[in-house]
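What follows is a set of notes on a single structure, which appears directly below.
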Amino acid sequence: MTQEIPKTYEANKYEDGIYKLWEESGFFNPDRIKSKKKYCNILPPPNANGELHLGHASGYTVMDIFGRYHRMKGEKVLLYPGKDHAGIQSQVVYERKIKEERGISRYDLGREKFYKEIYDFCIDRSNYMRAQEKKIGISADWSREKFTLDPEVLSGALETFVKMEKDGMIYRGERIINWCPRCATALSDVEVLHKKTAGKLYYIKYPLKDSKQFIIVATTRPETMLGDTAVAVNPKDKRFEKLVGKIVILPLQNREIPIIADRRMEMEFGTGAVKITPAHDPLDWQIGKDHKLQEIQVINEKAEITKLGGRHVGQKVEEARENIVRDLTELGLIEKIEENEINKSICERCKETIEPLISKQWFVDVDAKKYSLKKESLKAIKNKQIKFFPNNFEKIMTQWFSGLHDWCISRQIWWGPQIPVWYCEKCGEENYIVSIEKPTNCPKCKGTKLTQDPDTFDTWFSSGQWPYTVLGYPKGQDYKDFYPTEMMVMGRDILSFWCSKMIMLSLYRTGKVPFKNLFFTGLIRDKDGQKMSKSKGNGVDPLEMIEKYGADALRMSLITDTTPGLDTRLYEEKIEKYRNFVTKLWNIYRYSFSSSENLELVEKISKKDVRSLADQWIVSRANQTILETSKMLENKNIALAENILIKFTWDELAAWYLEIHKLEKNDKVLGYVLDKVLKLWHPFMPFVTEKIYGDANKKVKMLMVEKWPVSDKKLIDKKSEKEFRDLQEMIVKIRNIRSSYRIAPSEIIEAYAKKLKNQEIIEKLGRVKFVDAKKQGIEISGKDLKIVLDIAELIDVEKEKKNFAKEIANLENLIAKNNTLLANKNFLASAPKEIIDNNKAKMIEYKTKLKKQKELFSNLNNLGKQGV
RNA sequence: GCACGCUUAGCUCAGUUGGCUAGAGCGCCUCGCCUACACCGAGGAUGUCGGGGGUUCAAGUCCCUCAGCGUGCACCA
C-alpha cells in the first residue's frame with residue numbers, strides 16, 4: 001500500500017480538481033443547505049481593473065476560514081462575491097493603457113465609446129480575477145456574483161440619491177474642493193493623501209497704502225498671492241493692533257486689499273500676518289465667506305494661472321511660483337526665504353498635487369435636519385451594534401465619524417454611474433429634476449430638451465451601499481434571509497473609505513447596521529517591513545506562490561502569528577515552512593494508511609476502545625484540542641487556533657503518538673484522531689484535507705460539509721495526560737543524556753529499573769534495553785520511576801554534579817517562592833480554589849523532585865569515589 | 001497638535017479571562033539509527049517581557065508616566 005501513496009503531496013496536481021468538486025457539489029450556494037442558522041459574509045468587491053494581490057488573498061483566507069467553519073457547523077453559509085467598477089482608479093488604469101498601447105486619450109474616443117471600452121475591460125478583468133480568486137480556495141457562491149454596475153445593484157444605489165434629495169440631504173453648490181489636475185475631477189477629503197515634503201516659506205512685504213510701511217506675510221505658495229483679497233491677523237496680536245482696517249496694496253496686481261482680524265490666525269506662525277486667498281485655500285475660503293471677501297480664481301483646473309493672474313497667465317503653478325518670487329525679489333519685496341517642511345496634498349489614485357479650487361459640485365449633508373448620517377452612525381457604534389476586531393478600531397471609527405464633513409460625491413470623470421439629475425434647457429440648472437429614468441418632459445415648462453448632469457458618482461457612493469444592494473433590498477429573499485450580515489472582513493486601510501460609508505448609508509436606507517462583526521486585517525509587508533508595491537518590485541505574487549507551494553501553504557502563511565488590524569510580513573521562507581507542514585500532514589496520513597489495511601476514519605469512539613496510556617492521552621488531547629480550537633474560532637482568534645492545531649498535530653500526534661502506534665497499534669484510536677485532525681484543519685487548509693479525506697474514506701464523502709467536531713468531555717482525561725507527560729519527561733531525559741555524551745542513536749544502552757511500566761515505549765523512544773540485573777551508572781528519575789543507565793564509564797562526574805546542582809538550586813528557588821505564596825493569608829483568602837490547589841500540587845511535585853535529585857546527586861558521588 | 005498602535009530570544013512574531021518554572025518559527029551549535037516524512041528526526045544555547053511608578057494575594061497581561069518607533073486624522077498660511 002505504501003507505493004500507492006506518494007511521499008509528498010503535490011498541491012498543484014490536485015487543487016483545481018478539488019475546487020471543481022466543491023463547486024459542482026453546489027454547497028457554495030446556501031440554498032443547498034437546510035438550516036435555520038444563517039451566516040453571511042459579503043466579500044469586499046475588488047477593483048475590476050487589475051489582478052489578485054496579497055491583500056485580497058489575505059482577506060479571502062480569513063473570510064474563508066470563518067465561512068468554512070460555520071458551514072461545517074451546519075449553518076446556511078453565504079460568502080457573497082462581487083466586483084467594483086472603481087471609478088477613478090479604473091479610469092486612470094484604462095487611460096494609461098490606451099495611451100501606452102494606442103497613443104490616445106479618452107477625448108480621442110469620446111465619452112460614449114470610452115465608457116463602453118472600459119466597461120468591457122472591467123468585465124474582462126473580472127473574469128480573469130474570478131479565476132484567480134478560486135485558486136485561493138474561497139468557498140464563495142459564484143452563482144450570485146454581482147458587479148457594482150449591474151442594473152439591479154445600481155438602481156438601488158441611485159434610489160438612495162433620490163431619497164436623500166427628497167430628505168434634504170443633498171445640495172449642489174460652489175465650494176472649495178480638492179481638485180486633481182491630472183484626473184480632472186473633484187475629490188472627497190478621504191481621497192487626498194498628505195505627504196510631508198521639504199518646502200520653502202517665503203516672507204513677502206506687502207506695502208501699506210499711503211505709507212512707506214510694510215506688513216510682512218509668510219506663505220508657502222507665493223503664486224496664490226495673485227488672488228489675495230485680504231491680509232489677516234489675530235485680533236489679540238498687539239503687533240498688528242493698529243493696522244487692522246488699513247489697506248494694503250497687493251504687489252504685482254496693484255489691488256487694494258484690507259487688513260482684517262480673525263481669531264483663526266496663529267500668532268506664533270511666520271510673522272502672524274497671513275495673506276488670504278479665498279479661491280485657493282480651504283481655510284481662506286471659510287474666512288472669505290465670514291468676512292464677505294471677493295473670491296478671485298487665479299489658478300484653473302489644469303493648475304495654470306488664469307487671465308485674472310495678469311501677466312503670468314498660462315503658466316503652470318510651479319513655473320509661476322518661480323517667476324513671481326523673481327519679480328518680487330527685483331522689487332525688493334522678499335524679506336527672506338526659509339526652509340520649511342510642508343504637508344503636500346496629493347491625489348490618492350495618481351499622486352498628482354491637489355489644487356484647492358472653488359467648483360460647483362454635489363454634496364451630501366452628513367448632518368442634515370431630517371436625518372443625520374453622522375449622528376446615527378455614532379449612535380449605532382456607541383450602542384455596540386457592531387463588534388470590532390480588534391476592539392480599539394471602534395474608537396478610531398468613532399473619532400472618524402466625529403470629525404466628518406460634508407461629502408463631495410460628484411466626480412468629473414466619465415467612468416461610473418451618472419448623477420440622476422436632469423436640466424431643462426429653458427428652466428436652467430437651478431430647477432433641476434431628480435429622476436433615475438430620463439423624464440419625458442420638464443415638469444415646469446413641459447419642454448423636452450433635457451440633458452443629464454455630466455458628473456458621475458464617487459465610487460464609494462455605490463460600493464458603500466453594497467451590503468444591501470447586492471442582497472436585493474428591500475424585497476429580495478437574500479436580504480430577508482441574511483441582512484444584517486454576520487461578518488465583514490476588510491483591510492484596515494479602507495476604514496475611512498468603505499467601512500464608514502457602509503455604516504452610514506446602510507443605517508439610512510435599512511435602519512440597521514450592515515454587519516454584526518467587523519474584522520480588520522493588517523497590511524501585508526515584505527521581509528523588511530516595507531510596503532509591497534509594483535514600483536519597488538518587492539511584491540509577492542500570490543498566484544506564483546500557489547503554483548509553487550500550494551494554496552494551503554499560502555493561506556497558512558498569511559494568517560500565522562497575525563493579530564487583527566496589525567500589519568504582518570510575508571516572505572517565501574514562511575510559505576515554504578507551511579508547505580512543509582502540509583507535507584507533514586500528508587505523511588501522517590501516509591504512515592497511518594500504510595501501517596494498517598483496515599484503518600478507517602471514525603467519527604465516534606467508545607471508552608472501551610481507548611486502551612493504553614498513549615491512547616488515553618492522545619484521545620484526551622484530541623478532545624481538548626477540539627474544545628480550544630473551537631473557542632479560538634468563536635473569539636475570532638485565527639492565529640491562536642492555528643497554533644493550537646499545529647502543536648497537536650506535529651508535536652503530539654506525529655512526534656509521539658505515531659511512534660508509539662508502531663509498537664501498539666490501535667486503529668480505532670488512530671482513525672478517530674485523524675478524523676478530528678482533518679476536520680479541524682479543513683477551514684485553514686481546505687485542499688489537502690479534502691484530498692486526504694476523499695482518499696482515505698471508502699464511502700463517497702465530502703469533508704467540506706462534514707460536521708465540525710464536538711468535544712466529548714468524557715474522553716478528556718487529565719490524569720492520563722499527566723501520566724503520559726511524566727513518561728515523555730523520562731524519555732526526554734534519556735535522550736538528553738545520550739546527546740550530552742554523544743552516544744550514537746544506533747547504540748542501544750542497557751538500563752535497569754524497578755517497577756517498570758511502559759517498557760517498550762521507553763525502550764523504543766529512548767533507544768535503551770532493560771535488563772534484569774541491577775546496574776551501576778547514571779540515574780534518572782521521574783514521578784514514580786527510577787532508571788539506571790549503564791554508561792558509568794562515560795560519565796563526567798564533575799559535569800553531572802554541576803547539572804544537578806543547577807537543577808537543585810532551581811527547585812529550591814521554586815519551593816521558596818511557593819512557600820511564601822502559600823504562607824500568604826491574603827493569597828489563600830482571595831485566590832480561586834483552583835489556583836491554590838494547583839500551587840499545593842506543584843509544591844508536592846517540586847519537593848519530590850528535589851528529594852530525588854538530591855538522592856541522585858549523592859549517588860553520583862559514590863560513582864565518583866569508585867573511580868569508574 | 002490630537003488620536004491609535006507597537007516595543008517579549010540574534011531576526012520575525014504569538015502570548016486567551018491577570019494565575020502551570022514566559023512560547024513558536026527562522027537562524028545558530030551538536031548529533032543523526034530506526035523505510036511516514038531530509039519538505040525529516042533527537043538534543044542544546046540565547047529573555048532584568050522598552051525605562052520608572054502604581055493597583056492586586058498575584059502583572060508580559062490592568063492603570064499612570066517617560067522614551068523610541070509606526071499609523072491615522074487635523075493642520076501651521
Side-chain angles (χ1 to χ4, degrees), chain A residues 2 5 7-9 189-190 194 201 217-221 224 232 264-266 268-271 273-277 281-284 340 342-343 390 392-393 395-396 399-400 403 492-493 495-496 523 527 529 549 560-563 565-569 571 573-574 576-577 579-595 628 631-632 635 637 639-640 642-644 646-647 654-655 658-659 662 732 735-740 742-748 764-765 767 810-811 813-814 817 821 824-832 834-836 838-839 841-842 845-846:
Chain A
T2 311
I5 306 175
K7 267 192 172 183
T8 52
Y9 163 78
D189 293 344
V190 292
H194 303 282
L201 187 61
V217 298
T219 181
T220 54
R221 296 198 59 191
T224 61
R264 281 165 284 194
M265 298 300 105
E266 298 272 344
E268 290 74 30
F269 190 89
T271 60
V274 184
K275 57 188 271 320
I276 300 296
T277 323
D281 180 276
L283 181 64
D284 291 5
N340 184 43
I342 55 163
N343 219 346
N392 66 292
F393 273 57
K395 204 165 178 182
I396 298 175
Q399 198 186 320
W400 192 88
R492 66 159 174 81
D493 51 325
L495 176 129
S496 54
L523 263 45
K527 200 174 181 173
Y549 300 106
T560 193
D561 286 351
T562 57
T563 311
L566 289 190
D567 295 354
T568 180
R569 300 184 187 198
Y571 36 89
E573 294 92 315
K574 208 165 165 182
E576 205 180 325
K577 173 190 146 187
R579 189 271 320 263
N580 296 353
F581 179 68
V582 168
T583 309
K584 189 69 175 177
L585 186 67
W586 181 257
N587 274 287
I588 289 172
Y589 154 67
R590 181 167 183 259
Y591 163 77
S592 305
F593 281 83
S594 314
S595 72
E628 287 170 18
K631 187 181 154 198
M632 286 309 130
N635 294 348
N637 198 333
L640 265 186
E642 189 220 68
N643 263 349
I644 290 164
I646 289 216
K647 238 192 166 98
L658 289 192
E659 289 308 316
K662 289 172 186 170
V732 169
R735 287 170 171 174
N736 203 325
I737 287 172
R738 298 184 62 105
S739 175
S740 82
R742 302 189 180 190
I743 300 165
S746 51
E747 195 179 328
I748 307 289
K764 176 156 167 61
L765 301 186
R767 313 288 302 157
N810 179 31
L811 284 167
N813 196 9
L814 286 172
K817 249 199 228 165
L821 190 62
N824 187 331
K825 277 181 203 142
N826 289 329
F827 172 69
L828 297 174
S830 3
E834 212 184 301
I835 301 293
I836 298 171
N838 214 329
N839 273 288
K842 266 193 294 181
E845 195 186 319
Y846 294 155

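Within every chain, numbering begins at 1; the chains are lettered A, B, ... in the order of the sequence lines, protein sequences first and strands thereafter.
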message = Closest-nucleotide mapping onto RNA chain B: is A:K395 or A:E266 further toward the 5' terminus? I mean the 5' end.
response =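 Nearest nucleotide further toward 5': that of A:K395.
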query = salt bridge (charged side-chain N to carboxylate O under 4.0 Å, His left out) with A:E573: which residues, sequence neighbours excluded?
reply =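 Testing A:E573 for salt bridge (charged side-chain N to carboxylate O under 4.0 Å, His left out), a comparison that skips the adjacent residues, returns A:K527.
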inquiry  = Applying side-chain contact (heavy atoms from CB on, under 4.5 Å) to A:T224 and A:D281, what does each step give before you reach the verdict?
reply    = CA-CA 9 Å; A:T224 61; A:D281 180 276; over 6 Å; no
message = Taking only side-chain N and O atoms of A:K662, does any of them lie within less than 4.0 angstrom of OP1 or OP2 on B:rA36?
response =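 Yes, because at least one side-chain N or O of A:K662 sits under 4.0 Å from OP1 or OP2 of B:rA36.
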ask   = Between A:K584 and B:rC37, is there a side-chain N or O to OP1/OP2 distance below 4.0 Å?
value =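 No, A:K584 has no side-chain N/O under 4.0 Å of OP1/OP2 on B:rC37.
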ask   = How would nucleotides 60-73 of chain B be written as a contact map, 5' to 3', with B for base contact, S for sugar-phosphate-only contact and - for no contact, using protein heavy atoms under 4.0 Å?
value = -----------SB-
note = Contact string for nucleotides 14-33 of chain B, one letter per nucleotide 5' to 3', B = base within protein heavy-atom range under 4.0 Å, S = sugar-phosphate only, - = neither, reads SSBB-BSB---S----S-SB
task = Calculate, to the nearest 0.5 Å, the distance between atoms OG1 and NZ belonging to A:T560 and A:K577 respectively.
result =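 Separation between the atoms: 5.0 Å.
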query = Say you draw a straight line from CG of A:L566 to CG of A:L523; how long is it, rounded to the nearest 0.5 Å?
reply =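 That separation rounds to 11.0 Å.
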Which residues share a ring pair (Phe, Tyr, Trp, His ring centres under 6.0 Å) with A:W586, sequence neighbours left out =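 A:W586 satisfies ring pair (Phe, Tyr, Trp, His ring centres under 6.0 Å) with A:Y9, A:Y589 only.
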ask   = Residues in ring pair (Phe, Tyr, Trp, His ring centres under 6.0 Å) with A:F581, at least two apart?
value =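 Only A:W650, A:W681 meet the ring pair (Phe, Tyr, Trp, His ring centres under 6.0 Å) criterion with A:F581.
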key: Side chain of A:A655 - closest among B:rA36, B:rA77, B:rA42   =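 That would be B:rA42.
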message = For RNA chain B, please output the secondary structure as dot-bracket, reading 5' to 3'. Pairs are Watson-Crick or G-U wobble, both atom distances under 3.5 Å; mark crossing pairs with [ ], other-strand partners with |, unpaired with a dot.
response = (((((((..((((.....[...)))).(((((.......))))).....(((((..]....))))))))))))....
